[in-house]
K.L.:
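Encoded as structure tokens, here's the structure I'll be asking about.
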Amino acid sequence: MRWSQAFIPTLRDDPADAEAVSHRLLIRAAFIRQLMAGVYTLLPLAFRSRRKVRKVIEEELDAIGGQEFLFPSLHPAEIWRKTGRLDVMGDEMFRLIDRKSGEVVLGMTHEEIFTTIATELTSYKQLPQIWYQIHTKFRDEPRPKSGLLRVREFTMKDSYSFDIDQEGLDTAFDAHYEAYKRIFARLDLDAIPVEASSGAMGGSGSVEFMVRAEAGEDLVAHCANCGYAANVETALSRVAAVADEAGPESPERFPTPGVRTIEDLVSFEGGAAADRQIKTLIYVLDGEAALVLLRGDHPLQEQKLQDQTGAMDFRPAHPEEIRELLGADAGSLGAVGVDGVRIVADRALEGRMNMTTGANLDDHHLRGVSVERDVEVTEWADLREVAAGEPCIECAEPIDVFRAIECGHIFKLGTKYSEPLGAMVLDGDGKSRPIYMGSYGIGLERNLAAIVETHHDDNGIAWPVTVAPYEAVITVLRRDAETMEAAEAVYSELLGTGVDVIIDDRDERPGVKFNDAELIGIPYRITIGPRGLADGIVEVTVRKTGETEKVAMDGAAAGIADRIRAERS
RNA sequence: CGGGACGUAGCGCAGCUUGGUAGCGCGCCUCGUUCGGGACGAGGAGGUCGCCGGUUCAAAUCCGGCCGUCCCGACCA
């Protein structure tokens, strides 16, 4: 490619409303332009990089026996109704009406649609199968943000495995796990596999591949000592036991005027330390009010509440609902004496005695509450969110909690989709059995953004060779006849070796060319100018390190080509 | 969904308080001089001031409504 002919509209100023590093750099370096909230045009540079990401993914999926398909983005709503997900997905699903008044949706994932084809599988002898596609997904996110990190239209590699039993599913899952590790390694992403919640996807187990980055939207609990890693949506940690005294025979009510929060009660005369309090939250789970109890100093992790109660739909109760249920306002709520209402309690409250909690009478609390004696707990569950510095659940060393980008997610689905959609095969005994499925996703543009988040400096992006839009740029310092001739010679030699090269033949001053090459992040720069040519040399600069090396003009192209080939992996 | 901010040329912004000819920097075009880290001079092109309505002799500016975009929060009692 000749830069003079390329559409690479780099910007001199940072875009005003880009916050995340990758968002800012991808716009400025002419990779993307926004069309509307959460919808971006990929300019030629981004298209080239995405094509390389795609190739890496295809190679690794093919290597585990994956077969590539292309499924439609338009789906009949009916299929989604069959699995119950038309409702589960809610407003996140784009819906439209066709000319015959038919309900149509835009695909946000493809379990239902792949499974529809999988109904053509009839015998265990056809299994296992791994099917995938790389295609557009539509999700009407409530809040798109950070450039390509959270968008409403994006490209996803989604694969689905089909096996005769759980053991087969485990094998397919492990194969994906290993393939994903290879994919992220090739993309030069330090992705940590992490235990995760399965959310709306359902199923028995899932692993997220997380890349540590400030712009990330997830929190990961990670133990540097033993390697334990989990999304805080599921993460566990050890809780130091609190020594309780037995306390009184029964709870005692006492006035607490003006006390509204845990902290208020800590500093209130006659109150209690936060770890001696019971925090009472009111949630509406699938339309039913429920009490959620935690230790006073423990925050609720809402995803855990949803996962462990099996609620499809949940929200905190409104103030009126709270008053109607318990007869008091938030700040004075408690579970003592509450009957006929679902009470979900965090395990850290098991066996606790002589605690303090709200009395369900405004401005009053109860002390001397022993949880198991005084509260009708309907279910015990792990509900608390872990915090940095707590002892690791595995090895007791302090854990770290950091922000991360979810670059891939793999799920064991089991028969959640095969049963309602009738994807059955006959086993060796001639018995009809539902297929065991797994589903596995990677968002391509999000991965591009994650690479930028982790590969940049003050001058711009520094792409790894595997995904760089161009592997090398020839920066021509002067457009006089001799210099151009030498540059053209190196250019055609590099093209001949198959290197993805662009020659910067623009009528611009050297500084402009250097800055653009660094902003865009091309891994290797070959600088050719009259000064060096007088001695028969050109310069090779490595973007990542900034190191420059003078090499003989003869053989320069071959040398660069070798280095690039070695880094392609 | 709640809260905050913003919308004027391709990009970054001023002008609005106090209504009267739409401006600056970068970028873009032409010519010349330059040319190893975002050059200089001269001359140019480019804008329904987000949209609709109202007030007024007159609206980027005042008033009302709508739309759009970004950021924060997602209720921790």
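Letters A, B, ... are given to chains in the order of the sequence lines, protein chains preceding strands, and every chain is numbered from 1.
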K.L.:
Under a 3.5 Å limit for both distances, which nucleotide forms a Watson-Crick or G-U wobble pair with U61(B), could you say?
P.N.:
none
K.L.:
Within residues 530-547 of chain A, find the residues that approach RNA chain B with a heavy atom at under 4.0 Å, and present them sorted by residue number.
P.N.:
Arg531(A), Gly532(A), Glu539(A)
K.L.:
What integer number of Å spans the C1' atoms of G38(B) and U21(B)?
P.N.:
35 Å
K.L.:
Given the P atoms of G7(B) and C51(B), what is the spacing between them in whole Å?
P.N.:
13 Å
K.L.:
Please state how far atom CZ in Phe7(A) lies from atom P in C28(B), giving the value in whole angstrom units.
P.N.:
13 Å
K.L.:
What nucleotide, of A39(B), G25(B), G38(B), holds the atom closest to the side chain of Arg509(A)?
P.N.:
A39(B)
K.L.:
When the P atoms of C57(B) and G47(B) are compared, how many Å lie between them, rounded to an integer?
P.N.:
31 Å
K.L.:
Looking at Phe154(A), does the NZ or CZ of Arg139(A) lie under 6.0 angstrom from its six-membered ring centre and within 45 degrees of the ring axis?
P.N.:
no
K.L.:
Base, sugar-phosphate alone, or nothing: which one does Thr475(A) contact when heavy atoms must sit under 4.0 Å apart?
P.N.:
nothing
K.L.:
CD1 of Ile32(A) versus P of C11(B): gap in Å, rounded?
P.N.:
14 Å
K.L.:
Considering only side-chain heavy atoms of Ala16(A), which listed nucleotide, C13(B), U69(B), G37(B), is closest?
P.N.:
C13(B)
K.L.:
Between atom CZ in Arg478(A) and atom C1' in U33(B), what is the gap in whole Å?
P.N.:
13 Å
K.L.:
In the structure shown, which nucleotide is the Watson-Crick or G-U wobble counterpart of G23(B), with both distances under 3.5 Å?
P.N.:
C13(B)
K.L.:
What N/O pairs connect the protein and nucleotides 71-76 of chain B at under 3.5 Å? Give each pair on its own line.
P.N.:
unit_1 : atom_1 : unit_2    : atom_2 : d
C72(B) : OP2    : Arg143(A) : NH2    : 2.1
C75(B) : OP2    : Glu302(A) : OE2    : 2.8
C76(B) : O2     : Leu300(A) : N      : 3.1

K.L.:
Report the relative orientation of the aromatic rings in Trp463(A) and Phe31(A); use parallel for angles under 30°, tilted for 30 to 60°, perpendicular for over 60°.
P.N.:
tilted
K.L.:
Under 4.0 angstrom, heavy atoms only, what part of the nucleic acid is Leu333(A) near: base, sugar-phosphate, or nothing?
P.N.:
nothing
K.L.:
Think Arg152(A) forms a cation-pi with Phe138(A), using NZ or CZ under 6.0 Å from the six-ring centre and within 45 degrees of its axis?
P.N.:
no
K.L.:
Output yes when Arg446(A) and Glu453(A) qualify as a salt bridge under the 4.0 Å nitrogen-oxygen rule, no when they do not.
P.N.:
no
K.L.:
If you find the nucleotide of RNA chain B closest to Gly511(A) and the one closest to Met36(A), which residue's nucleotide is nearer the 5' end?
P.N.:
Gly511(A)
K.L.:
Is Asp362(A) reaching over with its side chain to a backbone N or O of Asp329(A), donor-acceptor style, under 3.5 angstrom?
P.N.:
yes
K.L.:
Hey, is CD on Glu372(A) packed in by over 12 heavy atoms from elsewhere, all under 6.0 Å?
P.N.:
yes
K.L.:
Quick one: is G38(B) close enough that its OP1 or OP2 comes under 4.0 Å of any side-chain N or O from Arg12(A)?
P.N.:
no
K.L.:
Side-chain N or O of Gln34(A) versus OP1/OP2 of G68(B): is the shortest distance under 4.0 Å?
P.N.:
no
K.L.:
When the nearest nucleotide of RNA chain B is assigned to Thr527(A) and to Ala330(A) on a heavy-atom basis, which residue is associated with the more 5' position?
P.N.:
Thr527(A)
K.L.:
Could you state the atom-to-atom distance from CE of Met484(A) to P of C35(B) in whole Å?
P.N.:
18 Å
K.L.:
For C28(B), which nucleotide is its Watson-Crick or G-U wobble mate, given both distances must be under 3.5 Å?
P.N.:
G44(B)
K.L.:
Is a side-chain N or O of Arg543(A) found less than 3.5 angstrom from the main chain of Pro523(A), in a donor-acceptor match?
P.N.:
no
K.L.:
Separation of Arg479(A) atom CZ from U34(B) atom P, in whole Å?
P.N.:
16 Å
K.L.:
Between G68(B) and G23(B), how many Å separate the two P atoms, rounded to a whole number?
P.N.:
32 Å
K.L.:
Which whole number of Å gives the distance between the C1' atom of G32(B) and that of C13(B)?
P.N.:
31 Å
K.L.:
For the pair made of CG in Asp13(A) and C1' in G27(B), what is the distance, rounded to whole Å?
P.N.:
9 Å
K.L.:
Taking the C1' atom in each of G43(B) and C6(B), what is the distance between them to the nearest angstrom?
P.N.:
36 Å
K.L.:
Please give the nucleotide sitting opposite G37(B) as a Watson-Crick or G-U wobble pair, both distances under 3.5 Å, or none.
P.N.:
none
K.L.:
Please measure how far the P atom in C16(B) lies from the corresponding atom in C63(B), and state the result in whole Å.
P.N.:
14 Å
K.L.:
For the pair made of CZ in Arg152(A) and C1' in C70(B), what is the distance, rounded to whole Å?
P.N.:
14 Å
K.L.:
Please confirm whether Arg347(A) makes a cation-pi placement over Trp380(A), using NZ or CZ under 6.0 Å from the six-membered ring centre and within 45° of the ring normal.
P.N.:
no
K.L.:
Under 4.0 Å, heavy atoms only, any strand: does Asp516(A) hit a base, just the sugar-phosphate, or nothing?
P.N.:
base
K.L.:
If we call it a pair only when both distances are under 3.5 Å in a Watson-Crick or G-U wobble match, what pairs with C76(B)?
P.N.:
none
K.L.:
What integer number of Å spans the C1' atoms of C31(B) and G53(B)?
P.N.:
49 Å
K.L.:
Give none if G7(B) has no partner; otherwise give the nucleotide forming a Watson-Crick or G-U wobble pair with it, both distances under 3.5 Å.
P.N.:
C67(B)
K.L.:
Any salt bridge linking Glu217(A) with Arg150(A)? Criterion: basic side-chain nitrogen under 4.0 Å from a carboxylate oxygen.
P.N.:
yes
K.L.:
Round to a whole Å and report the spacing from CG of Asp507(A) to P of C35(B).
P.N.:
13 Å
K.L.:
For Arg28(A), is there an ion pair with Asp516(A) - N to carboxylate O distance below 4.0 angstrom?
P.N.:
no
K.L.:
Checking all strands, does Arg525(A) fall into the base, sugar-phosphate, or nothing category for heavy-atom contacts under 4.0 angstrom?
P.N.:
base
K.L.:
Can Glu488(A) and Arg2(A) be counted as an ion pair, charged N to O under 4.0 angstrom?
P.N.:
yes
K.L.:
Taking 4.0 angstrom as the limit, do Arg260(A) and Asp363(A) come out as a salt bridge?
P.N.:
yes
